[in-house]
Amino acid sequence: MAMEDQDLPGVLVSGFEGPSGICKDHVGELQKYFNLITMQDLLENKTQVGPKIQAAYIWNRKPAIDQELLQSLPALKIVANAGAGLDHLDLKLIASFGVKVANTPQAVSSPTADMGMALLLAAARRVVEGHQLATSPDTKSFSTNWLGQEVTGSTLGIIGMGSIGYKVAQRARAFEMNILYHNRKRRKSEEEEAVGATYCERLDDLLQRSDFVMLAMSLTPQTQRLIGRRELRLMKPTAILVNIGRGLLVDQDALVEALQTGVIGAAALDVSYPEPLPSLPHLYFRDHPLLKLKNVTLTPHIGSATHQARWQMMENLIGSILASLNGLPIPNEVLLK
């Protein structure tokens, strides 16, 4: 399948198979514009193949971009990354080779915000536990005292008010939630008013006042383990933590302890560290504490996993690569700060 049309610009992809391969439904569309070259093709013949590659197409964080790879691609002009998160890319290293970077923030913002609200609702109303209760062969009756948390009229604290966080706020307003947010930069007053959001300059204030805390921010050295033991203890004992950002935004050991001891009420996580959660070193099966807690809802990092979003991501990446190769302004170019 690879290297079919030598007249088209060469684009490096991880491969066509396995969990890190590009979407099979996208291959035909990509091959209209590019000669797709897999990592296996490159590794088998770096000298001949390397100079043909003008762009790297990053899907599911693969292929990994490191110094050795960059040195083997003398014609590389752009690294086009699917998704909004860039924590797996060394932007300074890539820029030092004169290579541009683009991502796809608009394509992922709406579906990821949808996922955030889905997790919030599922945790608040104990949907996973309820499903298990309703389908269990041992269930003889439903208790009227089996209760969840009210969402309508509650307070949602959003940490990270970028495009995803703002779309979460738009959705939360429809549930008549009181919205607080903490962000590196404050939003314009008209943007705050449009969703009824109140800015909290101090993260502690947001944590203390919120019934639900949602993480919708990027992972950086500054945000790694932003939510630790101290922050969890500031939250209400009934509070629910929702994470749709990155697993490393949270001190996972501290979170397990907080959930086990009632420091907070529950957690709903689309992300973890690592992914998937592993077994303990001495065991041959997955036995991570988060997998066993009833007050945890886990999903497998599927915030942007819709057919529509993934197709838009692919189209955005095609547009960015073609713009770069033709010397035009690059849509969604990532600039070094």
Side-chain angles (χ1 to χ4, degrees), residues 1-16 20-39 41-42 49-65 69-70 73-91 93-95 97-115 162-164 166-167 218 302-337:
M1 200 184 290
M3 301 177 63
E4 288 184 351
D5 192 333
Q6 303 296 327
D7 294 327
L8 295 174
V11 172
L12 181 67
V13 298
S14 57
F16 303 110
S20 296
I22 61 175
C23 283
K24 292 181 180 179
D25 293 345
H26 298 178
V27 172
E29 186 70 13
L30 288 165
Q31 288 180 327
K32 293 178 183 178
Y33 304 94
F34 309 123
N35 170 28
L36 300 182
I37 300 171
T38 68
M39 276 297 296
D41 297 328
L42 177 64
V49 174
K52 297 178 180 178
I53 294 171
Q54 298 182 60
Y57 184 92
I58 311 301
W59 195 263
N60 197 22
R61 303 164 73 94
K62 300 292 182 182
I65 305 295
L69 180 64
L70 290 165
L73 304 178
L76 188 69
K77 293 182 173 62
I78 185 170
V79 171
N81 177 72
L86 298 164
D87 50 282
H88 56 293
L89 295 176
D90 187 334
L91 298 179
L93 174 66
I94 295 169
F97 281 82
V99 175
K100 305 288 188 182
V101 175
N103 63 348
T104 65
Q106 287 78 28
V108 303
S109 56
S110 288
T112 305
D114 290 347
M115 191 69 198
S163 58
I164 294 172
Y166 195 77
K167 285 183 178 291
S218 301
I302 52 174
S304 67
T306 68
H307 293 291
Q308 297 89 338
R310 294 290 167 87
W311 189 267
Q312 187 182 342
M313 289 160 70
M314 181 263 297
E315 289 183 329
N316 289 170
L317 294 177
I318 290 173
S320 294
I321 293 171
L322 291 176
S324 172
L325 301 187
N326 289 294
L328 300 172
I330 300 170
N332 301 314
E333 181 178 357
V334 177
L335 302 174
L336 276 177
K337 295 175 182 177

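Nothing here was measured: the structure is a model prediction, and the numbers come from that model. If you read the sequence from its start, that first residue is 1, and numbering goes on from there.
- With contacts defined as side-chain heavy-atom distances shorter than 4.5 Å, the pair I58/P63 qualifies.
- To the nearest 0.5 Å, atom NZ of residue K62 and atom OG of residue S14 are 9.0 Å apart.
- Evaluation of the side chain to side chain contact (heavy atoms under 4.5 Å, CB included) rule for S324 yields K77, I78, I330 as partners, not counting sequence neighbours.
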*asked:* Under the criterion side-chain contact (heavy atoms from CB on, under 4.5 Å), I'd like the reasoning laid out for I65 against D90: C-alpha separation, chi angles, the key distance, then a yes or no.
replied: CA-CA 8 Å; I65 305 295; D90 187 334; over 6 Å; no

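- Heavy-atom minimum distance, W59 versus A82: CE3-CB, 3.4 Å.
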*Which is it for D87 and R61 under the side-chain contact (heavy atoms from CB on, under 4.5 Å) test, yes or no, and what are the steps along the way?*
CA-CA 10 Å; D87 50 282; R61 303 164 73 94; 3.1 Å; yes

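- Although no hydrogens or angles enter the test, the distance criterion places no donor-acceptor pair under 3.5 Å between the side chain of S163 and the main chain of S109.
- Put simply, the side chain of M314 does not reach to within 4.5 Å of the side chain of I22, judged on heavy atoms.
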*Check against side-chain contact (heavy atoms from CB on, under 4.5 Å), L86 and N103*: CA-CA 8 Å; L86 298 164; N103 63 348; 4.0 Å; yes

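- The OG atom of S320 lies 11.5 Å from the CG atom of L328; values are rounded to the nearest 0.5 Å.
- A side-chain donor-acceptor contact under 3.5 Å links H88 and N81.
- With values rounded to the nearest 0.5 angstrom, I53 atom CD1 is found 5.0 Å from L73 atom CG.
- Judged by distance alone, with hydrogens and angles left aside, the side-chain atoms of T104 form a donor-acceptor pair with the main-chain N or O of G83 at under 3.5 Å.
- Between D25 and W311, the shortest heavy-atom contact is O-CZ3, 3.5 Å.
- Going from atom CG of L12 over to atom CG of L76 covers 8.5 Å, rounded to the nearest 0.5 Å.
- In this structure, L30 and V11 have side chains that are not in contact, with every pair of non-hydrogen atoms separated by 4.5 Å or more.
- Nearest heavy-atom pair across Q106 and Q312 is C-NE2, 4.2 Å.
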*Can E315 and E29 be said to form a side-chain contact (heavy atoms from CB on, under 4.5 Å), step by step?*
CA-CA 9 Å; E315 289 183 329; E29 186 70 13; 5.6 Å; no

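- Here the closest heavy-atom approach between residue A107 and residue N316 is recorded as CB-OD1, 3.7 Å.
- The distance from the CZ atom of F34 to the CD1 atom of I321 is 4.0 Å, given to the nearest 0.5 Å.
- Here OG of S304 is found 4.5 Å from CE of M313. Values are rounded to the nearest 0.5 Å.
- Taking every heavy atom of both residues into account, A102 and P331 meet most closely at CB-O, 3.9 Å.
- Counting heavy atoms from C-beta on, the side chains of L36 and F16 come closer than 4.5 Å.
- Shown here for I94 and K100, the closest heavy-atom pair between the two residues is CG2-O, 4.4 Å.
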